[in-house]
Amino acid sequence: MNKIHMCDTYGQYLTMKEEIDTAMQEVIKSTQFIKSGKVLEFETELSEYLNTNVITCGNGTDALQIAFMALGLQPGDEVITTPFTFIATVEVLVLLGLKPVFADVHPGTFNLNEAEVEKAITKKTKAILPVHLFGQCAHLEPMLELAKKHNLFLIEDACQALGTEYIFDNGSKKKAGTVGHIGCNSFFPSKNLGAFGDGGAVFTDNEQLAATVRSIANHGMKAKYQYERIGVNSRLDSIQAAILSVKLKHFARHIKARQQAATWYDEHLTGVKEIRLPERTTYSTHTFHQYTIQTEQRDELQQFLKEKEIPAMVYYPGVIHLQEAYKFLGHKKGDFPVAEKLAKTVLSLPMHTELTGRQLLHITDSIKEFFKK
Ligand SMILES: *Cc1c(COP(=O)(O)O)cnc(C)c1O
């Protein structure tokens with residue numbers, strides 16, 4: 001049996017090697033490295049896939065920053081988000097002088113709890129920022145209603161959920177990141193659609209907002225050497241775009257492979273009573289950026305699996321409101337008990353597109369063995 005990886009970027013590359021190598025060579029030959037060639041092609045392809053405007057940028061963190069800037073959020077404005085996410089979501093708010101206001105999450109889905117969001121709304125609230133953690137959408141329809149009622153923006157951090165579909169009560173569907181006013185995505189190598197380096201994108205239906213995003217990502221430029229606002233320099237390069245373009249062609253198959261691995265885990269771990277499996281919802285499909293279980297014996301299980309050469313990772317071992325850098329927000333232990341408990345109990349199992357049946361069997365057998373002891 002081959003070595004089990006948490007995420008197998010190289011193994012996946014080998015299945016598309018010729019296509020990817022050719023695409024990269026084409027970029028080098030074309031010398032269209034920046035804001036041209038493959039970048040424009042990839043933006044068009046992704047915008048067809050998502051049925052919205054796509055503006056690529058340097059990474060997912062930049063995508064968030066550019067989105068907040070494009071919406072015109074001002075210092076002191078409050079943005080409601082989750083304390084159980086990757087740090088970038090919150091970091092960028094603080095960098096722009098915005099105030100992150102946390103609301104607790106659902107224990108089964110790890111995602112922002114809409115009832116807690118409602119309680120956190122004040123006169124200063126300007127936006128709700130759900131994160132579609134581990135590949136499943138937060139419950140967006142109630143949040144859209146709150147946004148409408150209180151005149152707020154709904155900003156989706158869809159960095160972990162490209163390809164996931166949000167399912168409305170009436171049965172209609174939209175892709176993650178295209179439901180709210182603006183959506184943010186990352187092409188970090190381990191993400192659902194991963195580059196071989198950094199990359200990101202902003203999604204929006206609104207043409208004017210799309211133009212603002214494009215301008216901000218390009219130094220605030222309006223026409224050549226004319227600047228209409230303060231911007232940043234954030235761009236996807238053509239080599240990454242060429243790789244992403246190839247991988248987008250295989251994306252449906254890749255999502256299916258993740259879902260099949262998740263189904264294996266579901267079916268083979270349901271009987272283990274010490275484990276809580278990730279909850280599936282009626283309002284979202286799941287693309288399993290991570291397959292994350294919960295158990296009180298998390299650290300012991302992780303160590304046991306390590307001895308069997310099975311990697312398993314803790315995303316995330318700490319909640320943001322208790323991190324040293326965020327002390328100034330004035331939170332204490334117990335403020336968001338669900339998120340705090342998750343930080344102690346979650347464990348993400350190997351999840352990627354190249355897991356074999358034998359590997360999956362070894363993983364689930366080992367977990368069962370641990371709990372039988
Ligand atoms: C990865 C990620 C980001 C940041 O993306 P980068 O491309 O690493 O900057 C932001 N939010 C979430 C939830 C992420 O998982």
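Just so you know, ligand 1 is whichever comes first in the structure, and atom 1 is the first atom listed for that ligand.
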Lys/Arg N to Asp/Glu carboxylate O, K344 vs D299, below 4.0 Å: no
Of all protein heavy atoms, the one nearest atom 10 (C) of ligand 1 is C159 SG, 3.6 Å
The side chain to side chain contact (heavy atoms under 4.5 Å, CB included) partner of C137 among E165, H132, H286, K175 is H132
The closest protein heavy-atom partner of atom 9 (O) of ligand 1 is T61 OG1, 2.5 Å
Exercise. Could you check whether the rings of Y166 and F168 sit parallel, tilted or perpendicular, using 30° and 60° as the cut-offs?
Key: perpendicular
Regarding E19 and K247, does a basic nitrogen lie under 4.0 Å from an acidic carboxylate oxygen? no
Counting from 1 in the order shown, the ligand 1 atoms closer than 4.0 Å to a non-hydrogen atom of S186 are 5 (O), 6 (P), 7 (O)
* Is E45 salt-bridged to K249, cutoff N-O under 4.0 Å? -> no
Near-ring test F86/Y315, centroid separation under 6.0 angstrom:
no
Honestly, for D62 the part within reach of ligand 1 (heavy atoms, under 4.0 Å) is neither
Nearest non-hydrogen protein atom to atom 11 (N) of ligand 1, with distance, is D157 OD2, 2.8 Å
The single option from N206, T178, D205 that satisfies side-chain hydrogen bond (donor to acceptor under 3.5 Å, both in side chains) with T52 is D205
For atom 14 (C) of ligand 1, the closest protein heavy atom turns out to be K191 NZ, 3.3 Å
Numbered in order shown, the ligand 1 atoms found under 4.0 Å of a heavy atom of T89 are 11 (N)
Note: ligand 1 atoms sitting under 4.0 Å from heavy atoms of V131 are 13 (C)
Near T85 (heavy-atom distance under 4.0 Å), the atoms of ligand 1 are 13 (C)
Using the ring centroid of each side chain, check whether F304 and F371 are separated by less than 6.0 Å. no
shortest atom 8 (O) of ligand 1-to-protein heavy-atom contact is with F188 CD1, 4.0 Å
Atom 15 (O) of ligand 1 has as its nearest protein heavy atom Q160 NE2, 2.8 Å
Quick look: N59 vs ligand 1, heavy-atom contacts under 4.0 Å, and the answer is both
Practice prompt. Decide, yes or no, whether a salt bridge links K29 with E26 under the criterion of side-chain N to carboxylate O below 4.0 Å.
Written response: no
among protein heavy atoms, the one nearest atom 6 (P) of ligand 1 is G60 N, 3.4 Å
For A88, the ligand 1 atoms with a heavy-atom partner under 4.0 Å come out as 4 (C), 10 (C)
